[in-house]
Chemist: 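Quick one: this structure, given as structure tokens, is what I'll be asking you about.
Below, chain A is the first sequence line, B the second, and so on; all start at residue 1.
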Amino acid sequence: MDMYEQVIELAKRRGFLWNSFELYGGTAGFYDYGPLGSTLKRRIENIWRQLYVIEEGFMEIETPTIGIEEVFVASGHVGGFSDPLCECTECGEAYRADHLISGIIETADALSNEEVDKIILEHNITCPECGGKLGNATEFNLMFQTKIGPGSGRNGYLRPETAQGMFVNFQRLAKFYREKLPFGTTQIGKSYRNEISPRQGVIRLREFTQAEAEIFIDPSEKTHPEIARFENDVLTLYSQDAQKTGKPESMTIREAIDNNIIAHEFLAYQIALANNFLQRIGISPDKLRFRQHLKDEMAHYAIDCWDAEIWMERFGWVETVGIADRTDYDLMAHAKMSQEELAIYKEYDHPRMIRKFVVKPDMAKLGPLFRKKAKAVADELQKLDEESLSQEEISVIVEGEEYKIPSELITFEEVEEKVSGETVVPHVVEPSYGIDRIFYALMEHAFNTEKVASDDAEEEERTVLKLKSEVAPIQVAVLPLMGKTELSTPAKEIVRKLANRGILASYDESGTIGRRYRRNDEIGTPYAVTIDYDTLKDNTVTIRDRDTMKQVRTSIDTLENTLFELIHEKIRFEDAGVPL
RNA sequence: GCGCUGAUGGUCUAGUGGCUAUGACUGAGGCCUUCCAAGCCUUAAACCCGGGUUCGAAUCCCGGUCGGCGCACCA
């Protein structure tokens, strides 16, 4: 079994993760999170909230998973998130229709299916595989389509990303944040893509969880006031240049900014934040790198884009987070589609006096004179400079026709105007996390098998999920040394006390103590509390550390606080009690 | 979507026309047991789905589903 199989086997067996609809044979691209998996996933999401919502102040919102057509026309997903496919009528092989004709016509991807069919017919293009006749081009859109309402209804799509729900709420959000840049908003939720052929288990899903932040910033102000927090963090960066030599480089965030490796400070801050998050939840730093998108790989509107890539044994380097400066593309696209202004008014620190040349045509006279053309003529007049306007008779050309305007109908002057601000379409910096991929990576990085000495001198193997205590689904196992009433009663009291403190504890009295330790090792429970006969005498218990298997003895009275501090890494294990 | 390949208790697996389906681990109940998967007893649990061939199909054939690999695809 390779690493992937071992991890997936454990995940299935112990209730983390499995293929959905197994009862009916399963369906590719869908996975269920079991009792431990859901808990682990939620803990990952909550740490994400801690960083993005609580620490960064990007409040979370929740928008529908179904979107209307306009939204995805504006975002480009209706037109661009699909591929025209051509199937061979003989052998059944499917091809990208636009690829087939790209040698004949340059703008192949801009053609309609009918135009594509015509070109294929005209140039007598046949199946590259068997030479058979090609069928008509059909659109395969990666979005799940549905109808809203009964009958013919209106088209709806399951969202392919959570981002659009935040862009379309720009005006309300801007008001909420009292129209001051920068501000950000986040959303954790499901997105859907009808993948043609999803494989690789949880790495490519048809329904998946995204955690996205949309941060709206001033295009002229891409520094970050808190950059000092991360300046000295060392990251593995695989820049465009580094990719030419194939060697990722380690450097501090400060170096990356100063050497213009990352486009700007604000983006650098977001990359550092992602690095911080991934390591905090337990991604191994040596299996993490940030790879810059190559020029041709980046969306045309993006200034810079970096993927957090995580090493997984079977899949290699896998994209788990994308962090991009998307400029004003999304807001402009929705502004155009909706005919609404998606911008904020940015007040200057000090009002500026601007000298301005103003032309004032006398519309009361211009109107009757030129009738329907009056507006166009006036617009043309605005474009003229002082010299042209000083003529006896001023002429402008509108729709190829010359109009002569007597100078007395026009006045002009240079005025000084006070301008206190300007309208700005913010740029968007977007970190976009694929939670399911991160979830799997976390399990794989935590997965360990190690030899342990056993009684009969034979070496045994134990499986340990070395999850960070902060993300481990079960936080404490409470185990009476034996299943006797005198031990089980105080043990159950401890479970109750821990529950009241918000600690998820499990109770287990079946089989030997060793077996129960192993069971908990396998699901990553970081601490085990054992109640023995000494407990009855002196009110103390032992706490066992999962990774070292060492134990300390500590008092029951302060147990829930001791464990809470251990779980949240406020104290060291050796200081949690008297070492045994 | 194409080609190759596989699918047996919860997990891993033996069996390849005669089945009442092998074994291990795990689970449950009990005995024993004073800290790392010990032992003993009891017990639960499976042939991916649909068709065909055959007296008889888990086994052979066809189709589907799911997994793996290669190709294509991967905002």
Chemist: Can you confirm whether or not the ring centre of A:His427 sits under 6.0 Å from the ring centre of A:Tyr329?
Modeler: no
Chemist: Indicate, with a heavy-atom threshold strictly under 4.0 Å, whether A:Gln551 touches base, sugar-phosphate, or nothing.
Modeler: base
Chemist: Can you tell me the distance, in whole Å, between the CZ atom of A:Arg462 and the P atom of B:A37?
Modeler: 11 Å
Chemist: Rounded to whole angstrom, note down the C1' distance from B:G52 over to B:G15.
Modeler: 24 Å
Chemist: Please check: side-chain N/O of A:Arg206 versus main-chain N/O of A:Asn194, any donor-acceptor pairing under 3.5 Å?
Modeler: no
Chemist: Rounded to whole Å, how long is the line connecting atom CZ of A:Arg204 with atom P of B:A72?
Modeler: 13 Å
Chemist: By salt bridge (charged side-chain N to carboxylate O under 4.0 Å, His left out), which residues pair with A:Lys468, not counting sequence neighbours?
Modeler: none
Chemist: Does A:Asp532 contact B:C35 through a side-chain donor or acceptor facing the base, at a distance under 3.5 Å?
Modeler: yes
Chemist: Within this structure, what is the CD-to-C1' distance between A:Glu461 and B:C25, rounded to whole angstrom?
Modeler: 14 Å
Chemist: Expressed in whole Å, how much space separates the P atoms belonging to B:C62 and B:C12?
Modeler: 27 Å
Chemist: Between A:Leu481 (CG) and B:C35 (P), how many Å, whole number?
Modeler: 6 Å
Chemist: For residues 68-75 of chain A, please give each side-chain donor-acceptor pair under 3.5 Å, one per line with the distance, not counting sequence neighbours.
Modeler:
{"residue": "A:Glu69", "atom": "OE1", "partner": "A:Asn155", "partner atom": "ND2", "Å": "3.3"}
{"residue": "A:Glu69", "atom": "OE2", "partner": "A:Tyr157", "partner atom": "OH", "Å": "3.0"}
{"residue": "A:Glu70", "atom": "OE1", "partner": "A:Arg154", "partner atom": "NH2", "Å": "3.3"}
{"residue": "A:Glu70", "atom": "OE2", "partner": "A:Arg154", "partner atom": "NH2", "Å": "3.1"}
{"residue": "A:Ser75", "atom": "OG", "partner": "A:Val71", "partner atom": "O", "Å": "3.4"}
{"residue": "A:Ser75", "atom": "OG", "partner": "A:Phe72", "partner atom": "O", "Å": "3.3"}
{"residue": "A:Ser75", "atom": "OG", "partner": "A:His77", "partner atom": "N", "Å": "3.3"}
{"residue": "A:Ser75", "atom": "OG", "partner": "A:His77", "partner atom": "ND1", "Å": "2.6"}

Chemist: Are A:Tyr31 and A:Phe208 an aromatic pair by the rule of ring centers under 6.0 Å?
Modeler: no
Chemist: Using whole Å, report how far CZ of A:Arg515 lies from P of B:C32.
Modeler: 17 Å
Chemist: Please name the nucleotide paired to B:A46 by Watson-Crick or G-U wobble geometry with both distances under 3.5 Å, or report none.
Modeler: none
Chemist: Using a 4.0 Å heavy-atom cut-off, does A:Thr27 contact any base of the nucleic acid, only the sugar-phosphate backbone, or nothing at all?
Modeler: sugar-phosphate
Chemist: For every nucleotide of nucleotides 40-52 of chain B, 5' to 3': is a protein heavy atom under 4.0 Å from its base (B), only from its sugar-phosphate (S), or from neither (-)?
Modeler: -------------
Chemist: Supply the atom-to-atom distance A:Ile523 CD1 to A:Arg546 CZ, rounded to the nearest 0.5 angstrom.
Modeler: 10.5 Å
Chemist: Evaluate the side-chain proximity of A:Phe290 to A:Val321: yes if any heavy-atom separation is below 4.5 Å, no if none is.
Modeler: no
Chemist: Taking B:G51 as the reference, what is the distance to B:C74 when you measure between their C1' atoms (whole Å, please)?
Modeler: 36 Å
Chemist: With rounding to whole Å, what would you report as the distance between B:A28 and B:A44 at their C1' atoms?
Modeler: 7 Å
Chemist: Tell me the interatomic distance from A:Glu509, atom CD, to B:U34, atom P, rounded to whole angstroms.
Modeler: 16 Å
Chemist: Choosing from B:A28, B:C36, B:G1, which nucleotide comes nearest the side chain of A:Ser197?
Modeler: B:G1
Chemist: Any chance the side chains of A:Glu509 and A:Tyr507 put a donor and an acceptor closer than 3.5 Å?
Modeler: yes
Chemist: May I ask you to list the residues of residues 307-328 of chain A, by number, that have any heavy atom positioned under 4.0 Å from an atom of RNA chain B?
Modeler: A:Arg314
Chemist: Which ones in residues 4-15 of chain A lie close to RNA chain B, meaning a heavy atom under 4.0 Å from one of its atoms?
Modeler: A:Glu9, A:Arg13
Chemist: Round to a whole Å and report the spacing from CD of A:Gln200 to C1' of B:G67.
Modeler: 13 Å
Chemist: Only pairs at least two apart or in different chains count here, so list each side-chain hydrogen bond (donor to acceptor under 3.5 Å, both in side chains) that has a residue in residues 303-323 of chain A.
Modeler: A:Asp2-A:Arg314, A:Arg289-A:Glu309, A:Arg291-A:Glu309, A:Gln292-A:Asp304, A:His293-A:Asp307, A:Asp304-A:Trp306
Chemist: B:U13 and B:U22: how far apart are their C1' atoms, nearest whole angstrom?
Modeler: 9 Å
Chemist: Using the P atoms only, state how far B:C69 lies from B:A45, rounded to an integer number of Å.
Modeler: 35 Å
Chemist: Suppose you measure atom P in B:U8 against the same atom in B:A58; what distance do you get, rounded to whole Å?
Modeler: 15 Å
Chemist: Between B:C36 atom C1' and A:Glu450 atom CD, what is the distance in whole Å?
Modeler: 12 Å
Chemist: Between the base of B:C35 and the side chain of A:Thr542, is there a donor-acceptor distance below 3.5 Å?
Modeler: yes
Chemist: Which nucleotide in the list B:C35, B:A37, B:A28 gets nearest to the side chain of A:Glu522?
Modeler: B:A37
Chemist: Would you classify A:Arg199 as touching base, sugar-phosphate or nothing, given that sugar-phosphate means primed atoms plus P, OP1 and OP2, and contacts are heavy atoms under 4.0 Å?
Modeler: base
Chemist: Watson-Crick or G-U wobble partner for B:G70, using a 3.5 Å limit on both distances?
Modeler: B:C2
Chemist: Would you measure the distance from the P atom in B:A14 across to the matching atom in B:U33 and give it in whole Å?
Modeler: 40 Å
Chemist: A:Arg518 side chain: which of B:C36, B:G1, B:C35 is closest?
Modeler: B:C36
